[in-house]
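Whatever order the structure lists them in is the order used to number ligands and atoms, beginning at 1. Below, each value reflects all heavy atoms present in this structure, side chains not excepted, and no hydrogens, waters or symmetry copies.
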Amino acid sequence: MTDKPLRAGIIGLGVGGAHARGYLRSPHTELVALCDSDPERLAARAAEYKIPPEQCFSDYRAMLSAAQLDVVSVCVPNALHVEVSLAALEAGAHVLCEKPLAISLEEALAMQRAAQNAQRRLMVAYNHRYRADVAWLRRAISEGALGEVYNVYAWWRREAGIPRSSWFSQKALSGGGALIDIGVHMLDLALWLLDFPRVETVSGQVGTHFGARGVKASSSPLWKGDLSAERFDVEDSAVGFLRCAGGLSVHLHASWAEHRAPREDILHLELNGTRATAVMHVVNYVQEGTLHFYTELGGQSVVITPDVRSSGIYGHEALIVESMAALVAGQPPPADVQHGVIGVQVVEALYRSSQTRREVVLE
Ligand SMILES: NC(=O)c1ccc[n+]([C@@H]2O[C@H](COP(=O)([O-])OP(=O)(O)OC[C@H]3O[C@@H](n4cnc5c(N)ncnc54)[C@H](O)[C@@H]3O)[C@@H](O)[C@H]2O)c1
């Protein structure tokens, strides 16, 4: 435990902006340095978060050697997570890496080993754990309200949500499409809610139905460019089936694009248990009114609608506030490297299953 605030720096300033807001909100950190290879973005974020020019870097290695950082957020394209995280660990910092931890299991394991050797924490930004409805689900499950959970559906599906950014749709930079981008969040939620049951086998199918034709691009202002069909070599849809220890099955579905209600973007979790079923259905990122709970009372089927309210702090801000509190208290962070490794392992197995048209047995 130390009283001095941790010195935080961020590499990559797209979603890195959400990390900045987390460090500014945490009582345990001060945001002291920013890095982005895009000078315009760097200048805009520096002005937004009042970081002086001498603490702004276009080269992350220069930032790591100059800024004496205790914690570094790695928010660069997926394929760069490994090299940037290893450099930050080597510079002596704890690392909060964006999801997916890496684009291959081999890389993820190398990152885990590097963190162990450096005796630093390597955390993964699974921000969707920090929703009030998800927290309620986790609590209800741990209290036994669902009984034994035997079946989970975990979906993230968009009508038109293909990122208009060159790197997301190029496998060499992203490692894949909808599955590794948004499917990995739902996979993490499904497994984390149940305290990580062992995944025994994975099978799945991925496909490209829209992006390679240049249609169903996201209209989000997050991206400035256009969807480039020529540079699209990833899947825009993925389904998977996981057999887990104890007879649990997990059905995963991630799609950046499909024909459904206009502009609909849904996160859906359904957990079937021997006492009850819980359903979380989030349309277009609403924070409240998303939960239903189905059970029996007095021999009748009943539906309960939990009145779960958001505290107003969620997502990356809540993730950083909680993770930094754990760091200074010397406690394991909520989303430690092992959770990132499992996510990458299952994603990699699902891609392999799709390619080989066979079920993959995990070791
Ligand atoms: N947890 C979430 O909900 C969430 C949301 C969005 C993105 N992400 C993840 O965050 C990461 C970044 O995604 P994004 O949407 O912010 O992408 P982005 O393209 O908007 O931003 C990435 C930034 O990194 C910069 N960059 C690239 N290479 C660099 C380098 N070598 N040195 C310094 N800066 C470099 C780019 O200039 C760019 O500004 C990805 O891993 C993505 O999967 C997570």
Go through ligand 1 atom by atom and flag the ones less than 4.0 Å from a non-hydrogen atom of [X].
X	result
Leu80	28 (N), 31 (N)
Gly12	23 (C), 24 (O)
His185	1 (N), 2 (C), 3 (O)
Ala125	1 (N)
Asp38	37 (O)

For a quick check under 3.5 Å, do [X] and [Y] share a side-chain donor-acceptor pair by atom type?
X	Y	value
Glu98	His19	yes
Tyr130	Glu317	no
Thr277	Asn272	yes
Arg25	His316	no

[X] to ligand 1: N or O pair under 3.5 Å?
X	value
Ser58	no
Val15	yes
Ser165	no

Tell me, which protein residue and heavy-atom name are nearest [atom], and how many Å apart are they?
atom	result
atom 40 (C) of ligand 1	Asn78 OD1, 3.2 Å
atom 39 (O) of ligand 1	Asp36 OD2, 2.6 Å
atom 13 (O) of ligand 1	Trp167 CZ2, 3.5 Å
atom 11 (C) of ligand 1	Val76 O, 3.4 Å
atom 12 (C) of ligand 1	Cys75 O, 3.2 Å

Could you check, using the six-membered ring where one of them is a Trp, whether [X] and [Y] have ring centers closer than 6.0 angstrom?
X	Y	answer
Trp256	Phe210	no
His185	Trp156	yes
Tyr153	His268	no

Trace of the salt bridge (charged side-chain N to carboxylate O under 4.0 Å, His left out) decision for Asp336 with Arg121: CA-CA 7 Å; Asp336 209 353; Arg121 291 286 184 189; 3.2 Å; yes
Ala93 to Leu69 - nearest heavy-atom pair and separation: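 Result for this residue pair: CB-O, 3.7 Å.
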Measure [X] to ligand 1 on non-hydrogen atoms and call it side chain, backbone, both or neither using the 4.0 Å cut-off.
X	answer
Asn127	side chain
Ser37	both
Tyr126	neither

Arg157/Asp265 salt bridge by N-O under 4.0 Å criterion: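 No.
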Whether Phe168 lies under 4.0 Å from ligand 1, heavy atom: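 Distance cut 4.0 Å: Phe168 passes for ligand 1.
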Within 6.0 Å of CD in Glu90, more than 12 heavy atoms from elsewhere: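 For Glu90, atom CD is not crowded (no more than 12 foreign heavy atoms under 6.0 Å).
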Heavy-atom nearest neighbour of atom 27 (C) of ligand 1 within options Gly14, Pro77, Cys35: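 Among Gly14, Pro77, Cys35, the closest heavy atom to atom 27 (C) of ligand 1 comes from Pro77.
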Nearest candidate to atom 38 (C) of ligand 1, where distance is taken over non-hydrogen atoms, out of Arg41, Lys99, Glu98: Arg41
Main-chain N/O of His28 paired to Tyr23 side chain as donor or acceptor, under 3.5 Å: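 Between the backbone of His28 and the side chain of Tyr23 there is no qualifying donor-acceptor contact (under 3.5 Å).
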